[in-house]
Protein chains: 2
Amino acid sequence: MTGHHEYQGQALTEAAKGALVNAGEQWTEMRAQIFDALAQAGGPASAYDVADAVSKNRGKRVAPNSVYRILDLFVANNIAKRVETQNAYIANAHPECVHDCIFLICQDCGGITHLDDDDLANSMRARAAGTGFRPDNPVMEVRGTCESCAA
Amino acid sequence: MTGHHEYQGQALTEAAKGALVNAGEQWTEMRAQIFDALAQAGGPASAYDVADAVSKNRGKRVAPNSVYRILDLFVANNIAKRVETQNAYIANAHPECVHDCIFLICQDCGGITHLDDDDLANSMRARAAGTGFRPDNPVMEVRGTCESCAA
DNA sequence: CAGTTCATGTAACACTATATCCTTCTGCGT
DNA sequence: ACGCAGAAGGATATAGTGTTACATGAACTG
């Protein structure tokens with residue numbers, strides 16, 4: 001399992017920074033703050049949640065579009081993921097591995113579990129490709145109830 | 001393949017009406033107009049697209065919330081589907097069969113292909129259930145390029 | 001130091017969705 | 001007929017999400 005490690009806290013920030021720098025992007029103060037806000041949310045956060053958090057932290061308002069720009073950059077570089085059905089973002093705990101990931105979204109508590117299942121993802125891609133479609137970005141998100149909420 | 005037929009045109013409207021009435025819901029003029037607008041769009045349409053179309057057809061403005069109400073009802077009764085990643089709706093061509101459906105979304109032309117693959121859907125549900133999660137509504141949508149646009 | 005490029009700021013706008021309260025219509029029982 | 005209850009839809013406001021266009025600033029490069 002070389003290369004697949006789940007980071008947290010400071011190590012996560014470092015991993016994210018490494019990934020961005022490695023891709024030839026800059027790790028600016030603004031980007032660091034946005035990533036931290038996302039990581040500290042500990043769950044899905046909307047762009048506006050992040051904007052509010054960062055605005056408060058630095059005492060100066062950040063405009064939504066700045067946040068969107070940076071979140072898009074994060075997603076493009078795999079240090080964050082977008083949860084499509086929730087209009088939300090989460091920090092990616094293992095930026096080194098590229099997966100079509102699966103999100104389990106609890107409709108009770110709002111919590112999100114992140115799975116990677118390449119078999120399933122590949123089946124999905126194959127099924128699409130079988131119809132002549134060229135798959136690019138499979139979105140696999142399951143709404144339901146998490147174990148603790150189901151009790 | 002009893003019960004699985006793809007309707008179109010007037011037959012589709014009739015099938016939708018049948019399904020709603022069968023579920024104890026009313027088939028009102030407003031609902032008919034909204035369904036027709038959706039069916040005639042021939043592809044994914046946002047609630048606001050539908051609102052505009054219906055507003056124009058009858059010369060009186062329909063408010064968004066009315067459209068949302070009715071589209072939600074349609075989705076609940078399986079005569080329309082919501083494409084989560086596009087904030088859009090499409091008429092369901094075979095309202096009798098209930099599937100966790102898969103959408104192939106062309107990022108070029110905006111067209112959507114609708115697949116039903118119960119094996120894949122069940123794998124997805126099973127994979128989620130295996131972690132203790134209680135799956136309710138799997139969302140499976142693949143962004144990419146359709147055959148004609150890929151050429 | 002001018003020219004270029006990239007990051008961020010500012011402001012306005014467009015799109016998506018929901019909340020609240022109200023009116024109308026319809027069916028139903030007496 | 002009357003009055004009631006419930007469902008459908010209308011009116012208005014507001015919340016939440018996302019984008020566009022343009023300006024500024026900071027850093028690198030010749």
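Quick caveat, the model's predicted, so the values are computed rather than measured.
- Note on A:I105 and A:I102: separate hydrophobic clusters, where clusters join Ile, Leu, Val, Met, Phe, Trp and Tyr whose side-chain heavy atoms are under 4.5 Å apart, directly or indirectly.
- A rotation axis mapping the C1' atoms of four pairs onto the next four is fitted at both ends of the helix from C:dC1-D:dG30 to C:dT30-D:dA1 over five pairs, and the angle between these axes is 10° to 10 degrees.
- Listed by chain and residue number, A:T13, A:Q40 satisfy the side-chain contact (heavy atoms from CB on, under 4.5 Å) test with A:D36 (two or more places apart in sequence, or in another chain).
- Open room surrounds CD on B:E147; 12 or fewer heavy atoms of other groups in view lie less than 6.0 Å from it.
- Side-chain contact check for B:R58 versus B:E29: every heavy-atom pair is 4.5 Å or farther apart.
- The aromatic rings of B:F74 and B:W27 lie parallel to each other, with less than 30° between the two planes, well short of the 60° mark.
- Atoms OH (A:Y68) and C1' (C:dA12) sit 16 Å apart, rounded to a whole Å.
- Taken residue by residue, residues 71-88 of chain A places heavy atoms nearer than 4.0 Å to DNA chain D at A:R82, A:N87.
- Residue pairs satisfying the ring-ring contact (aromatic ring centres under 6.0 Å, His included) criterion with at least one member in residues 132-151 of chain A, sequence neighbours excluded, are absent.
- Residues A:V67 and A:I34 form a side-chain contact, since some pair of their non-hydrogen atoms from C-beta on lies under 4.5 Å apart.
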Under 4.0 Å protein heavy-atom contact, by nucleotide of nucleotides 25-30 of chain D - B base, S sugar-phosphate only: ------

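- Taking atom CD on B:E25 and atom P on C:dT26, their separation rounds to 17 Å, with Å as the unit.
- Within residues 27-62 of chain B, the residues approached by DNA chain C to less than 4.0 Å at the level of any non-hydrogen atom are B:S46, B:Y48, in residue-number order.
- Toward the 5′ end of DNA chain D lies the nearest nucleotide of B:N65, the other residue of the pair A:P64 and B:N65 mapping further downstream.
- With A:F103 as the partner, the side-chain contact (heavy atoms from CB on, under 4.5 Å) test is satisfied by one option alone out of A:V142, A:T85, A:I112: A:I112.
- A 4.5 Å side-chain heavy-atom check between A:M30 and A:V54 finds at least one atom pair inside the cut-off.
- One finds a salt bridge joining B:R82 and B:E84 here, because a Lys/Arg side-chain nitrogen approaches an Asp/Glu carboxylate oxygen to under 4.0 Å.
- Put simply, the side chain of A:V139 reaches to within 4.5 Å of the side chain of B:R143, judged on heavy atoms.
- The closest side-chain heavy-atom distance from B:S123 to A:S123 is not below 4.5 Å.
- Ring-plane geometry between A:H99 and A:H94 is classed as perpendicular, the angle between the planes exceeding 60 degrees on a 0 to 90 degree scale with a lower cut at 30.
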